[in-house]
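Read the structure below first, then the notes.
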Protein chains: 2
Amino acid sequence: MSEQAHFLRREKEAVTIQRRKVQGEAGSSVEPLQLGKRVREIRLGRNLTLEEASNLTGLARSTLSKIENEQISPTFTAMTKLANGLGIDIPQLFSPAIPETQASGRRDITRKGQGKLHPTATYDHELLAAELSGKRMIPYRATIRARTFEDYPDWVRHEGEEFMLVLSGKVCLFTEFYQPVELEEGDSAYYDAAMGHVVTSLSDEDATILWVTA
Amino acid sequence: MSEQAHFLRREKEAVTIQRRKVQGEAGSSVEPLQLGKRVREIRLGRNLTLEEASNLTGLARSTLSKIENEQISPTFTAMTKLANGLGIDIPQLFSPAIPETQASGRRDITRKGQGKLHPTATYDHELLAAELSGKRMIPYRATIRARTFEDYPDWVRHEGEEFMLVLSGKVCLFTEFYQPVELEEGDSAYYDAAMGHVVTSLSDEDATILWVTA
DNA sequence: ACAAAAAGTTTCCTATAAGAAACTTTTTTA
DNA sequence: TAAAAAAGTTTCTTATAGGAAACTTTTTGT
């Protein structure tokens, strides 16, 4: 159902790619949630063949085909395999499909170092995508000053979930109920933000972190 | 998200953080999804008998019993009926059971390169925080192969919003309704995922991107 | 405690999901 | 183009889910 991504397509290859969609409309009205359609989108989005998807999920090629064509209603077991194998977000499969027409279109690009700044005592916050309001996620880059160990703050707590990725340096993540962990460049963490949390620097240089809050 | 303002505290509070519950490194193993147990909890929580639940969901009393006793793996259809009839939160059913002791918060650490891999033709997906399901955000690191310009896939579209940050290399972000943009290391973008989008590499080496979907 | 009713489980049968392999269609290669 | 390969679909079979009703256990009322 996706349109074709015409623009940057290079001639001969282009044709190849156009051919992908247009499977039977298969208007199975039984399931208002077009599970199969979505699974297919996800698989194709990852450029996988049924064969490859089969290997990843442990489900038979034919089974996948039938799921995608809405010929069967997969079991919980099958769906779990799907989710684990393809990295599918299950909740999404249970929500109503997005009408094509509703394709809205907000976009905001933030260049390196061009975010909106919020300097504070220990962290520096650089808000990304600050132009867009009403976002589901709030991304920002934080700079953790070197060795702020002694005077780091109390637990931070707030609604939602938080993801962080260490971009440089070495930090220590403290979260309530868990052991502190050291995180280096490339390491990431995901946690409930209602749980107390705090990050401190462990390196001689400042550490930078990408943070996304939902 | 009011997480600022906590930094001003000092010394004496520092102690606070030392004492936190000792708890093994979380969520690293795949726990059995105790679907049935959870369904039962929910039903009983609502003070419903199987008979009543049956009326609400349209599933047979016996079927419900078997689901709760983990004797069968319900189909997508059945799960939808369950969810609609009992107001069950599907994501929860797919998350590993949370031990009581850590009920107050979930956390998942993913080390660099240790995420769950999803190799595909053009991108490599490394799922982060893969142990946690039912998340509001799905973070992953993608490797965009060098010059995959010609054979990238069709528009990708899905529900939600997406944030991306270029970790290395140089890529081109195509989004429907907008001009393509070149993004280099440190640049980021935020957009509605229902809008067609695709990323290709522009550099000689592979590019890596952090992606977060909500 | 006893019956009766209600709640829950199991059995048995039918419908349907899952897998293997045959078959069809699409894409690639020469 | 034709032939081969790859991708996808369908068929056939087996395993298992879903529903009706019998059966068992628990609760309620006297």
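Just so it is clear: chains get the letters A, B, ... in the order the sequence lines come, proteins before strands, and each one is counted from 1. All values below come from the heavy atoms of this structure, side chains included, with hydrogens, waters and symmetry mates left out.
A:Arg43 has a side-chain polar atom (N or O) that falls below the 4.0 Å cut-off from OP1 or OP2 of D:dG8. When the side-chain nitrogen and oxygen atoms of B:Thr63 are compared with OP1 and OP2 of D:dA17, none of them lie within a distance under 4.0 Å. Of the side-chain N and O atoms in B:Asn69, one or more sit less than 4.0 angstrom from OP1 or OP2 of C:dT9. Within the structure, every side-chain polar atom (N or O) of A:Gln71 is placed at least 4.0 Å from both OP1 and OP2 of C:dA17. Contact between the side-chain N/O atoms of B:Ser73 and the OP1/OP2 oxygens of D:dT16 is not found at any separation under 4.0 Å. Residue A:Arg40 places at least one side-chain N or O closer than 4.0 Å to OP1 or OP2 of D:dT9. Under 4.0 angstrom from either OP1 or OP2 of C:dT9 there lies at least one side-chain N or O belonging to B:Ser65.
As rounded to whole Å, 7 Å separates atom P of C:dA7 from atom CD of B:Glu52. Counting to the nearest Å, the C1' atom of C:dA18 and the CZ atom of B:Phe76 are 18 Å from each other. Look at CD on A:Glu68: it is 7 Å from P on D:dT9, rounded to the nearest Å. In this structure, B:Leu64 places its CG atom 11 Å from C1' of D:dG19, rounding to the nearest Å. For the pair B:Glu51 CD and D:dT27 C1', the interatomic distance rounds to 16 Å; values are reported in whole Å. Separating the NZ atom of B:Lys66 from the P atom of D:dA17 is a distance of 9 Å, rounded to the nearest angstrom. Distance, A:Glu70 CD to C:dA17 C1': 15 Å, rounded to whole Å. Atom CD1 in A:Ile67 sits roughly 6 Å away from atom P in C:dA18 (whole-Å rounding).
At its two ends the helix from C:dA1-D:dT30 to C:dA30-D:dT1 runs along axes set 40° apart, each axis drawn from five pairs and the angle rounded to 10°.
Every side-chain contact (heavy atoms from CB on, under 4.5 Å) that A:Glu182 has, sequence neighbours left out, goes to A:Lys170, A:Leu202. Here A:Gln114 pairs with A:Arg111 under the side-chain contact (heavy atoms from CB on, under 4.5 Å) rule; sequence neighbours left out. Scored by the salt bridge (Lys or Arg N to Asp or Glu O under 4.0 Å) test, A:Lys112 finds B:Glu185 as partners (sequence neighbours excluded). Among residues two or more places apart in sequence or in another chain, the side-chain hydrogen bond (donor to acceptor under 3.5 Å, both in side chains) test is passed with A:Thr208 by A:Ser168. Under the rule for a salt bridge (Lys or Arg N to Asp or Glu O under 4.0 Å), the partners of A:Glu51 that lie at least two apart in sequence or sit in another chain are A:Arg61. A search for side-chain contact (heavy atoms from CB on, under 4.5 Å) contacts involving B:Ser54 returns B:Leu64, not counting sequence neighbours. Residues forming a salt bridge (Lys or Arg N to Asp or Glu O under 4.0 Å) with A:Glu68 (at least two apart in sequence, or on another chain): A:Arg40, A:Arg43. Scored by the side-chain contact (heavy atoms from CB on, under 4.5 Å) test, B:Leu56 finds B:Leu48, B:Leu86 as partners (sequence neighbours excluded). Evaluation of the salt bridge (Lys or Arg N to Asp or Glu O under 4.0 Å) rule for B:Asp206 yields no partner, not counting sequence neighbours.
Taking CE from B:Met79 and CE from A:Met79, the interatomic distance works out to 6.5 Å, rounded to the nearest 0.5 Å.
Relative to the side chain of B:Ile72, the nucleotides D:dG18, C:dG19, D:dT10 differ in distance, and D:dG18 lies closest.
Interface residues of residues 53-62 of chain B facing DNA chain D, ordered by number: B:Gly58, B:Leu59, B:Ala60, B:Arg61, B:Ser62; criterion, heavy-atom separation under 4.0 Å.
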Below 3.5 Å between N/O atoms, which protein atoms pair up with nucleotides 3-5 of chain D? Just atom names and distances, please.
none

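Closest approach of A:Arg136 and B:Tyr190 over heavy atoms only: N-OH, 3.3 Å.
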*asked:* Assess the residue pair A:Asn84 and A:Thr57 against the criterion (side-chain contact (heavy atoms from CB on, under 4.5 Å)); give the C-alpha distance rounded to whole Å, side-chain angles, the decisive distance to 0.1 Å, and a yes or no.
replied: CA-CA 7 Å; A:Asn84 291 338; A:Thr57 59; over 6 Å; no

